[in-house]
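Remember, it's 1-based here, ligands and their atoms both numbered in the order they're listed. Model, not experiment: these values are computed from the prediction.
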Amino acid sequence: MTTGNQKPRRLTIFGSTGSIGQNTLDVVNQLGGREAFEVVALTGNSNIGLLAEQAKACGAKLAVAADDSQYATLKEALAGTGIEAGAGREALIEAGARESDWVMAAIVGTAGLEPTLAAAKRGADIALANKECLVSAGELFVKAVARGGGRLIPVDSEHSAIFQSLEDDQHHAVERIVLTASGGPFRTWTRDQMAGVTAEIARAHPNWSMGLKISIGSASMFNKALEMIEAKHLFDLRPDQIEVIIHPQSVIHSMVGYTDGSVLAQLGSPDMRTAISYALTYPDRAPLNVERLDFAKLARLDFEAPDEVRFPALRLARTALERGGVQGAVMNAAEEIAFHAFCAGRIGFLDMADVAERVMEDMTQFAPANSMDEVFAADTEARHRAGRIIAHKEMAA
Ligand code: NDP
C-alpha cells in the first residue's frame, strides 16, 4: 500500500484465475486497487476469458496463459488494450523474472515451482499459497528465497496462523506446532463408504470454498499431509514437532505450543482473504471486509485425534518427513498423478493413497535433494511410476 508520494507496490499474481488468485484480486481492490498497487503480471492456464477480463480490470501490464495453445485466443482477447500477452512454460518463468515487489504464488501443483523460483531468485517477497514448492523443493526453495533477499510469507491459512502466532526471537522456545484440519466431508465415514465416492462428491468441502485439487486433498487428507511437509520447511521444525488435530469448525486456523506450556493460536472465519491480506500488508494489518467471528453463536469448538488408518496420507507425510531428501517431491508427484486419475474416474478414492505409498516405497533410493535437478528427476520418475501403477490397477479392475 502507499502513503503520500510513495510509488504503488508492484504485484505479480500467479494463478489469478483460481480460487486464491480471485480472492487476491478482491483483497487488492479492497486495499486500494490501482491507487495503491500496480499489477505487473497475471497468469492462468486455460481460462482465457477470465484472465483477459481480470487483466483489463486491474490494468495489468502482462497476462500469461500456461497452456501455450491459448496464445492466439489470449492475444485476441487483449487486442487494443496495450496489455502484453504470453503463453507457455517459458513465458510463465519470464513473468516470474519480471521486476515486481510482491508475488502471489497460487498456481496449483508442481507447475508453480519454476515460475515461483524465478521470482524468488530476483528477490521478490513471495506470498506462498502453492505449498507444492516447499513439499517438492523444501530447503532448496527456502534457500533460493533467502539468497534472493525477499521474504517468504505463508498464505495457507494454517501456516499463516502459525506465522502470526510465532513470537519474534523465540524459535528456541517452540515445542510444537498444531495444524488444525476440518476432517473434510468424510471425517466420520468408514473406508468402505469412502471406497465408492466420485470426485463430484469428494470436492464438497464442509467449510471452505477452494479449487478442485485442494478440495479433494482435504477429503483424502492429502492436503494436510502436504501441509505437514510445508510446515517443516517454513518453520524449520523436526518431524516430531508437527502435530495434526481435527477441528471440524475450522475456526482455529492453527497453533504454536511453547516450552512453558502456553499455546498461541490464530482464529478467524474460514475465508482465505484474511491470510492473503496479511501476506500483502505484513507486518501491518489493514481493514478488511470479511465475516467476523461471533463467539456466542459458535458456542463450542470441537477437537478429535486424526485417524491415520482411514486417512493414510498423514502416515505417508510422516514417512516422507523422516526420510527427507526428495521423498516430499516423490509423494507430491505421485499424488498429483493419482489425483488426476481419480478425477478422470480411472481409480477409486482410496487408490490415491495406495498409489502414492507404492511409489514412495519403490523410490527410497532417491534420498538426497542436493540440487533442483535431483528434485525434478525424482518428480519425473515418480510420475512415471505412478502412471504404471494406475494402468495396472485399471487392468485389474
Ligand atoms: P485453483 O484450481 O482454483 O486455481 C489454480 C490456478 O492455477 C488457476 O489460475 C489455474 O488456471 C492455474 N493453473 C492450473 N494448471 C496450471 C498449470 N499447469 N500451469 C500454470 N498454471 C496452472 O487452485 P486454488 O486457488 O485452490 O489453489 C492454488 C494453490 O494454493 C494450491 O497450491 C493450493 O494448495 C493452495 N491453497 C489454496 C487454498 C484455497 O483456499 N483455495 C488455501 C491454501 C492453499 P485456470 O483457471 O486457467 O485453470
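Contact atoms of ligand 1 toward Ala129: 30 (O), 32 (O), 35 (C), 36 (N), 44 (C) (distance under 4.0 Å to a heavy atom of the residue). Atom numbering of ligand 1 starts at 1 in the shown order; those under 4.0 Å from a heavy atom of Ala66 are 19 (N), 20 (C), 21 (N). In the vicinity of Ser46, heavy-atom distances shorter than 4.0 Å reach the ligand 1 atoms 45 (P), 47 (O). Per-residue contacts place Gly44 under 4.0 angstrom from the following atoms of ligand 1 (heavy atoms of the residue considered): 11 (O), 47 (O). For ligand 1, the atoms lying closer than 4.0 Å to a non-hydrogen atom of Asp156 are 42 (C), 43 (C), 44 (C).
By the 4.0 Å N-to-carboxylate-O rule, Glu158 lies too far from Lys131 to be salt-bridged with it. Ion pairing between a basic and an acidic side chain is recognised when a charged N comes within 4.0 Å of a carboxylate O; Glu308 and Arg315 show no such pairing.
Of the N and O atoms on the side chains of Gln22 and Asp26, not one donor lies less than 3.5 Å from an acceptor on the other residue. Asn207 and Ser250 share a side-chain donor-acceptor pair at under 3.5 Å.
Residue Leu92 has no N or O atom closer than 3.5 Å to an N or O atom of ligand 1. Between Ser157 and ligand 1, not a single N/O pair is under 3.5 Å apart. Looking at Ser19 next to ligand 1, an N or O pair under 3.5 Å apart turns up.
Counting only heavy atoms of the protein, atom 25 (O) of ligand 1 lies nearest to Ile20 N, 2.9 Å. The shortest contact between atom 46 (O) of ligand 1 and any protein heavy atom is with Thr17 OG1, 2.7 Å. Among all non-hydrogen protein atoms, the one lying nearest atom 48 (O) of ligand 1 is Asn45 CB, 3.7 Å. Among all non-hydrogen protein atoms, the one lying nearest atom 32 (O) of ligand 1 is Glu132 OE1, 2.8 Å.
Of all the listed residues (Ile214, Asn23, Thr24, Ile107), Ile107 holds the heavy atom that lies closest to atom 29 (C) of ligand 1.
Centroid-to-centroid, the aromatic rings of Phe163 and Tyr282 come within less than 6.0 Å.
Only the side chain of Met272 comes within 4.0 Å of ligand 1, counting heavy atoms alone; its backbone N, CA, C and O stay farther away. Of the heavy atoms in Ala111, only side-chain atoms (C-beta onward) come closer than 4.0 Å to ligand 1.
Surrounding CG of Asp302 are more than 12 heavy atoms belonging to other residues, nucleotides or ligands, all under 6.0 Å away.
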